[in-house]
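When a residue number appears, it is its place in the shown sequence, counting from 1.
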Amino acid sequence: MAPVTSLTASVNARLADALASTLPEADGVDPLLRRSDRADYQANGILALAKKAKANPRELATRVVAQVESGEMIKEIEVSGPGFLNITLTDRAITETLAARYADAEGRLGVPFAEHPGTTVIDYAQPNVAKEMHVGHLRSAVIGDAIVQILEFTGENVVRRHHIGDWGTQFGMLIQYLDEHPHELDHKESDDDLQASGEAAMSNLDRLYKTARKLFDSDEEFKTRARRRVVDLQAGDPATLAAWQRFVDESKIYFFSVFDKLDMEIRDADIVGESGYNDMLDETCRLLEESGVAVRSEGALCVFFDDVKGPDGNPVPLIVKKSDGGYGYAATDLSAIRDRVFNLKSDTLIYVVDARQSLHFKMVFETARRAGWLDDDDVKAYQLAFGTVLGKDGKPFKTREGETVRLVDLLDEAIDRATAVVREKAEKVGLTEQEIVENGRYVGIGAVKYADLSTSAVRDYKFDLDQMVSLNGDTSVYLQYAYARIQSILRKAGEASPAAHPELELAPAERALGLHLDQFGETLAEVAQSYEPHKLAAYLFKLATLLTTFYDQCLVLKAESPEQVANRLFLVDLTARTLHQGMALLGIRTPDKL
């Protein structure tokens with residue numbers, strides 16, 4: 001099915017044609033059409049055009065109106081104020097456009113694919129081997145997954161990359177410690193919470209890592225032995241590599257269990273950690289040094305920047321290779337850029353990374369530009385920086401003991417809290433025990449994701465489960481309930497079925513709901529371009545709010561005529577489909593019963 005042209009685009013095209021007919025120099029000028037409280041739309045573009053043409057804006061607006069081809073789409077155009085155009089559409093145009101969306105057999109609701117899709121590599125969900133995932137890993141995973149889903153829906157070729165921490169000094173330290181304390185591997189965690197083998201193994205590894213780190217920091221002789229083991233690892237010593245691979249494999253089992261709990265698909269082929277670029281590091285350094293982008297400074301290979309200086313006023317460099325011959329994060333990140341640009345042929349690189357790493361990525365991107373690996377005209381790199389998850393007290397989220405909150409504990413609590421909410425209403429809607437458990441998971445995980453995604457990524461947000469699982473306010477539960485309520489109505493409809501009736505007059509609440517439904521595709525296009533999933537969340541919340549108003553003002557199954565019943569069923573079913581698709585793009589499920 002061909003994509004459906006939105007009402008906004010159709011009206012905009014008619015206004016643009018009218019502007020060009022009135023003033024030839026206005027050809028291509030944006031009418032600046034926006035939704036309005038005064039009418040369906042308001043166009044403000046005539047003001048700037050009149051100023052440029054030295055014309056009276058109201059007179060020019062009147063001349064433009066005379067040129068507009070209304071057809072069966074535009075019911076009324078009114079010149080307002082100094083030259084605004086207030087535009088009201090016909091009810092038929094609204095219903096017919098929505099009917100075309102409803103008839104989309106591909107399930108895309110008439111949303112077109114992007115005109116010029118490219119290849120985007122998204123670097124997100126980056127846990128560390130031998131370390132438990134904590135609340136700080138949540139946002140990269142949730143935001144990154146939403147961007148992946150949205151871009152793929154628009155037709156973009158998306159390459160997922162999970163740049164896990166699986167290389168470096170910490171592994172020499174851990175391997176050496178276990179060589180010297182082999183009995184530590186037999187340690188078993190006794191907590192009842194660690195029933196899954198993946199979680200238990202990772203809890204043990206995490207404990208061993210902390211113990212090894214403490215010894216590394218306090219014992220110089222052990223530190224020397226551990227660093228020697230790092231050299232063995234980098235040189236490919238079989239025994240050292242085998243131990244390292246065991247850590248990686250056990251960690252992956254754990255990672256997959258956590259991401260599965262998050263209802264998120266993480267594929268093994270997409271996990272390319274720091275070790276994946278090990279063979280490129282020498283060449284990366286050589287290319288940077290030969291091109292003069294990087295220079296030697298006190299034995300280290302560095303890149304300097306005029307605008308990056310320390311508190312003492314001296315330049316702070318990006319260290320690509322340390323004076324002892326070891327490689328820093330920059331070498332790995334720059335090698336990854338080379339791989340993603342030249343091997344994966346990407347034209348956009350997105351890094352969903354904590355805002356506290358912004359300076360590092362600013363320097364890495366600038367270094368890659370100087371080296372010719374990035375070019376803002378052809379290949380762009382963008383850090384989608386995100387803020388911190390805070391507790392109710394507005395401080396970084398910690399346990400009562402001051403420890404970082406484990407991600408699995410946080411997710412389990414969200415599921416438990418949501419399941420209790422679902423169970424309270426279970427008897428009323430006829431849920432089985434299996435449905436209660438399943439919906440509890442969908443509501444709990446959805447609550448966590450939506451709280452994150454409904455906030456602009458760059459902002460910090462408070463993690464408040466009481467608010468997250470509330471049926472009131474801007475929460476995923478409110479949206480899920482709106483969807484489930486529609487499914488309940490459709491089940492009760494009996495022989496009546498959804499069908500569009502363009503000949504019917506629409507009530508104000510129907511018009512408002514219909515006009516907002518039509519903006520779904522344009523919202524997705526904006527979100528895909530700006531990488532701002534919170535705008536999709538805001539769209540969906542407003543859709544659910546308009547649906548509530550519609551319920552308050554319009555009878556559905558007891559409407560005045562069979563045709564009106566069918567038309568209103570069509571409206572609510574299209575709303576349900578839009579909610580379902582929009583929530584899916586945010587990684588959130590919509591249960592049929594709630």
Side-chain angles (χ1 to χ4, degrees), residues 126-137 162-259 268 271 273-278 281 322 324-329 332 398-409 412:
Q126 311 105 343
N128 295 305
V129 167
K131 292 183 183 179
E132 290 183 288
M133 293 177 68
H134 54 76
V135 67
H137 291 112
H162 309 295
H163 192 87
I164 64 172
D166 66 349
W167 204 247
T169 302
Q170 64 266 37
F171 293 99
M173 176 187 75
L174 185 55
I175 293 168
Q176 186 63 33
Y177 180 82
L178 284 173
D179 257 9
E180 298 176 9
H181 305 81
H183 62 282
E184 291 281 358
L185 283 173
D186 299 328
H187 178 87
K188 299 296 182 182
E189 186 66 63
S190 59
D191 286 353
D192 293 336
D193 293 335
L194 301 177
Q195 296 175 359
S197 60
E199 288 185 26
M202 181 53 66
S203 180
N204 197 25
L205 271 180
D206 190 76
R207 180 189 59 80
L208 292 172
Y209 173 83
K210 292 175 180 175
T211 304
R213 165 58 71 180
K214 187 175 181 180
L215 184 61
F216 183 87
D217 291 339
S218 62
D219 187 330
E220 287 299 322
E221 291 184 0
F222 175 74
K223 181 181 291 187
T224 300
R225 296 194 299 274
R227 284 177 170 165
R228 194 178 302 131
R229 184 53 67 94
V230 176
V231 175
D232 292 341
L233 178 63
Q234 293 174 339
D237 173 64
T240 304
L241 273 178
W244 168 81
Q245 189 63 56
R246 178 182 175 184
F247 297 150
V248 173
D249 292 343
E250 287 193 355
S251 297
K252 281 186 178 181
I253 292 171
Y254 163 76
F255 296 157
F256 288 134
S257 71
V258 177
F259 288 124
D268 190 56
I271 299 176
E274 295 165 351
S275 63
Y277 307 101
N278 197 45
L281 301 182
K322 303 173 186 176
D324 63 3
Y327 298 99
Y329 290 121
T332 304
K398 302 281 187 180
T399 65
R400 291 180 180 177
E401 294 75 27
E403 296 290 326
T404 303
V405 178
R406 296 195 319 161
L407 184 54
V408 288
D409 292 341
D412 286 341

Problem - Atom pair CZ (R225) and CD1 (I175), whose distance is rounded to the nearest 0.5 Å - result: 15.0 Å

Exercise for the section: Decide side-chain contact (heavy atoms from CB on, under 4.5 Å) for N204 and E250; before the verdict, give the C-alpha distance in whole Å, the side-chain angles of both, and the deciding distance to 0.1 Å. Expected result: CA-CA 11 Å; N204 197 25; E250 287 193 355; over 6 Å; no

Completion exercise
One should read off an interatomic distance between D166 CG and K252 NZ, to the nearest 0.5 angstrom, of 8.0 Å

Practice task
Could you tell me which non-hydrogen atom of V408 sits nearest to which non-hydrogen atom of V258, and how far apart they are?
Solution key: CG1-CG2, 3.6 Å

Problem - Candidate pair L174 and W244, rule side-chain contact (heavy atoms from CB on, under 4.5 Å), full reasoning - result: CA-CA 9 Å; L174 185 55; W244 168 81; over 6 Å; no

Problem - Sub-4.5 Å side-chain heavy-atom contact between V405 and H134 - result: no

Fill in the blank from the handout: Residues at least two apart in sequence or cross-chain that pass ring pair (Phe, Tyr, Trp, His ring centres under 6.0 Å) with Y277, listed by chain then number, are H163

Handout entry: Spacing of CZ belonging to R246 relative to OG belonging to S251, to within rounding of 0.5 Å
Key = 11.0 Å

Practice task
For R213 and D217, run salt bridge (Lys or Arg N to Asp or Glu O under 4.0 Å): C-alpha distance rounded to whole Å, both residues' side-chain angles, the deciding distance at 0.1 Å, then the answer.
Solution key: CA-CA 6 Å; R213 165 58 71 180; D217 291 339; 3.3 Å; yes

Fill in the blank from the handout: On a heavy-atom basis, the closest approach of A130 and Y209 is O-CB, 3.9 Å

Exercise for the section: Apply side-chain contact (heavy atoms from CB on, under 4.5 Å) to the pair F247 and L208, showing each step before the final yes or no. Expected result: CA-CA 11 Å; F247 297 150; L208 292 172; over 6 Å; no

Exercise for the section: For the pair R228 and D232, find out whether any cationic side-chain nitrogen is under 4.0 Å from an anionic carboxylate oxygen. Expected result: no

Problem - Parallel, tilted or perpendicular: rings of H181 and Y177 (30°, 60°) - result: parallel

Practice task
Could you tell me whether the side chain of Y254 and the main chain of M133 form a donor-acceptor pair under 3.5 Å?
Solution key: yes

Practice task
Report, as yes or no, whether the 6.0 Å neighbourhood of atom OH on Y329 holds more than 12 heavy atoms from other residues, nucleotides or ligands.
Solution key: no

Practice task
Evaluate side-chain contact (heavy atoms from CB on, under 4.5 Å) for Q176 paired with V230, printing each intermediate quantity in order.
Solution key: CA-CA 9 Å; Q176 186 63 33; V230 176; over 6 Å; no

Problem - D206/K210 salt bridge by N-O under 4.0 Å criterion - result: yes

Exercise for the section: Decide salt bridge (Lys or Arg N to Asp or Glu O under 4.0 Å) for R227 and D324; before the verdict, give the C-alpha distance in whole Å, the side-chain angles of both, and the deciding distance to 0.1 Å. Expected result: CA-CA 11 Å; R227 284 177 170 165; D324 63 3; 6.0 Å; no

Completion exercise
In this structure, CZ of R229 is separated from CG of D237 (nearest 0.5 Å) by 7.0 Å

Handout entry: Spatial distance of atom CG (L205) from atom CG (L178) [nearest 0.5 Å]
Key = 8.0 Å

Practice task
Without swapping roles, check the side chain of W167 against the backbone of Q234 for a donor-acceptor pair under 3.5 Å.
Solution key: no

Practice task
Enter the distance from L407:CG to F259:CZ here, rounded to the nearest 0.5 Å.
Solution key: 8.0 Å

Practice task
Check whether any side-chain N or O of D219 sits under 3.5 Å from a backbone N or O of F222 as a donor-acceptor pair, and report yes or no.
Solution key: yes

Practice task
Locate the shortest heavy-atom distance separating G165 from F171; write the atom from each residue and the value.
Solution key: O-CZ, 3.7 Å

Exercise for the section: Of all the heavy-atom pairs spanning K322 and Y327, show the shortest one and how long it is. Expected result: CE-O, 4.0 Å

Exercise for the section: Report yes if the side chains of I271 and F256 come closer than 4.5 Å at any heavy-atom pair, otherwise no. Expected result: yes

Handout entry: Sidechain-backbone polar pair: H162 side chain, I164 backbone, donor-acceptor under 3.5 Å
Key = no

